[in-house]
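Okay, so here's the structure we're looking at.
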Amino acid sequence: MRSPRSRGANPCQIVGELLATRPAVPWIEAHPENYLGGGAALASLESVRREYPVALHGVGLSLGTAGEIDQRHLARLKGLIERIEPCLVSEHLSWSTTNGAYLNHLLPLPYTEESLWVVAGHVHEMQDALGRRILVENPSSYLRFRHSTIQEPEFLSELARRTGCGLLCDVNNIYVTAWNLGLDAASYLEALPADAIGEIHLAGHTENDADGRPILIDDHGSPVAAPVWKLYERALERFGPVPTLIEWDTDIPELAVLLAEAGAADGLLEAAARRDGHARAA
């Protein structure tokens, strides 16, 4: 489950209840950008870390930017990693900075050989600076560039091959992207390299109207939708029992609701582990 950061239930109350009751969740994930300033926020994360493994899921390094990545941000991230000792570190296939300006969005990039070269260089730089392998997450898409020459799953596969990074497979993002762009979600899953998948994300989405056409928005503000659960089962068949996180960042419900969603994922993970064990034994 994700460390909460937005509206809905009080995040401090959720964290307090988590630490008071210590439910049997295997790990917690947090956005590092919320803790780079130190203070009470970092102290809260350290309290969680004393009880649970913590993964850090970055949103601000802008791996897809055409310029240089922010060295100060990278250094601060490294300091937090050394302090928290996370079990996983990940970032997004997106860009959010240009000429020193920061945009509060994970923006898309064209999938070309030129952009692949740029992103691969930044992934190499990030991994070298942190001294560890990172995971790169597939985005949710609402448009595509006419001059893209590489399909998104092939772009991610080649990025992993060139850099040695792993991939964070966001199943909800695949479903949202497939719906919005008229793609086949199952085919997208099949195109990803199974040996590179280090984590899976699940989340809710909402439907909006775009000039009379319905589009799905990855908003992390509701339970995982039934077709996303189905796609998750296919992902587990393809990738095996990969560590899975429920993202719920907006309209945060009570802790019991979050735990129920995590429990549903755990049930499918355990079934996949049993199947995987039987397959290996055979």
Side-chain angles (χ1 to χ4, degrees), residues 1-9 14 23-29 55 57 90 92 106 135 137-144 152-153 156 167-192 194 197-210 212-276:
M1 53 185 289
R2 169 76 62 78
S3 176
R5 63 180 175 89
S6 192
R7 65 182 183 272
I14 293 284
V25 294
W27 53 296
I28 303 293
E29 187 169 272
H57 185 47
S90 56
H92 294 80
L106 299 170
L135 307 177
E137 181 184 17
N138 57 290
S140 55
S141 297
Y142 309 95
L143 57 82
R144 50 186 158 192
E152 186 173 281
L156 287 161
L167 300 178
L168 193 168
C169 176
D170 190 309
V171 174
N172 186 63
N173 283 356
I174 291 175
Y175 182 80
V176 166
T177 294
W179 172 279
N180 290 338
L181 303 185
L183 306 176
D184 182 71
S187 297
Y188 187 119
L189 277 179
E190 289 299 319
L192 293 175
I197 306 301
E199 182 184 350
I200 290 175
H201 276 180
L202 297 169
H205 58 258
T206 189
E207 182 177 312
N208 281 13
D209 179 83
R213 179 179 179 271
I215 63 168
L216 300 184
I217 305 295
D218 174 49
D219 70 342
H220 299 179
S222 58
V224 178
V228 176
W229 283 120
K230 289 292 186 183
L231 191 60
Y232 176 55
E233 292 184 65
R234 295 197 66 156
L236 293 178
E237 291 173 3
R238 169 102 172 97
F239 308 132
V242 178
T244 300
L245 180 95
I246 301 292
E247 297 185 287
W248 202 318
D249 298 335
T250 59
D251 294 325
I252 302 166
E254 298 300 318
L255 180 60
V257 177
L258 300 176
L259 294 175
E261 287 285 282
D266 284 343
L268 295 173
L269 267 173
E270 290 171 4
R274 289 193 296 270
R275 289 194 304 269
D276 190 60

Does atom CH2 of Trp229 have more than 12 heavy-atom neighbours, drawn from other residues, nucleotides or ligands, at distances under 6.0 Å?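 Result for CH2/Trp229: enclosed.
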Main chain of Ser141, side chain of Asn180: is a donor-acceptor contact present, judged purely on distance under 3.5 Å?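 Answer holds: yes.
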Is any side-chain heavy atom of [X] closer than 4.5 Å to a side-chain heavy atom of [Y]?
| X | Y | result |
| --- | --- | --- |
| His57 | Leu245 | no |
| Glu207 | Pro214 | yes |
| Cys169 | Val242 | no |
| Thr206 | Ser222 | no |
| Val228 | His205 | yes |
| Ile197 | Leu167 | yes |
| Val171 | Ile200 | yes |

Pair listing, salt bridge (charged side-chain N to carboxylate O under 4.0 Å, His left out) test, anchored in residues 221-246, at least two apart: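 Output for this query lists Glu190-Arg238.
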Under the side-chain hydrogen bond (donor to acceptor under 3.5 Å, both in side chains) test, which residues partner [X], sequence neighbours left out?
| X | answer |
| --- | --- |
| Thr177 | none |
| Ser187 | Asp184 |
| Glu199 | His201 |
| Tyr175 | none |

Dump the intermediate steps for side chain to side chain contact (heavy atoms under 4.5 Å, CB included) on Leu202 and Ile246, then the final yes or no. CA-CA 5 Å; Leu202 297 169; Ile246 301 292; 3.9 Å; yes
Heavy-atom closest contact ([X] atom, [Y] atom, distance):
| X | Y | result |
| --- | --- | --- |
| Leu156 | Tyr188 | CD1-OH, 3.6 Å |
| Val176 | Ser140 | CG1-CB, 4.1 Å |
| Ala194 | Phe239 | CA-CD2, 3.6 Å |
| Leu231 | Ala186 | CD1-N, 4.3 Å |
| Gly198 | Pro243 | O-CD, 4.0 Å |
| Asp251 | Gly221 | CB-O, 4.0 Å |

Looking only at side chains, do Asn138 and Asn173 share a donor and an acceptor under 3.5 Å apart?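 Side chains of Asn138 and Asn173: no pair found under 3.5 Å.
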Out of curiosity, [X] [atom1] to [Y] [atom2], how far, rounded to the nearest 0.5 Å?
| X | Y | atom1 | atom2 | result |
| --- | --- | --- | --- | --- |
| Glu247 | Asp170 | CD | CG | 5.5 Å |
| Ile174 | Glu152 | CD1 | CD | 8.0 Å |
| Ile215 | Ile217 | CD1 | CD1 | 4.0 Å |

Thr250 vs His220, side-chain hydrogen bond (donor to acceptor under 3.5 Å, both in side chains): CA-CA, chis, key distance, verdict: CA-CA 6 Å; Thr250 59; His220 299 179; over 6 Å; no
Please table the atom pairs, donor to acceptor, closer than 3.5 Å between any side-chain atom in residues 260-270 and protein atoms at least two apart or in another chain.
{"residue": "Glu261", "atom": "OE1", "partner": "Val224", "partner atom": "N", "Å": "2.9"}

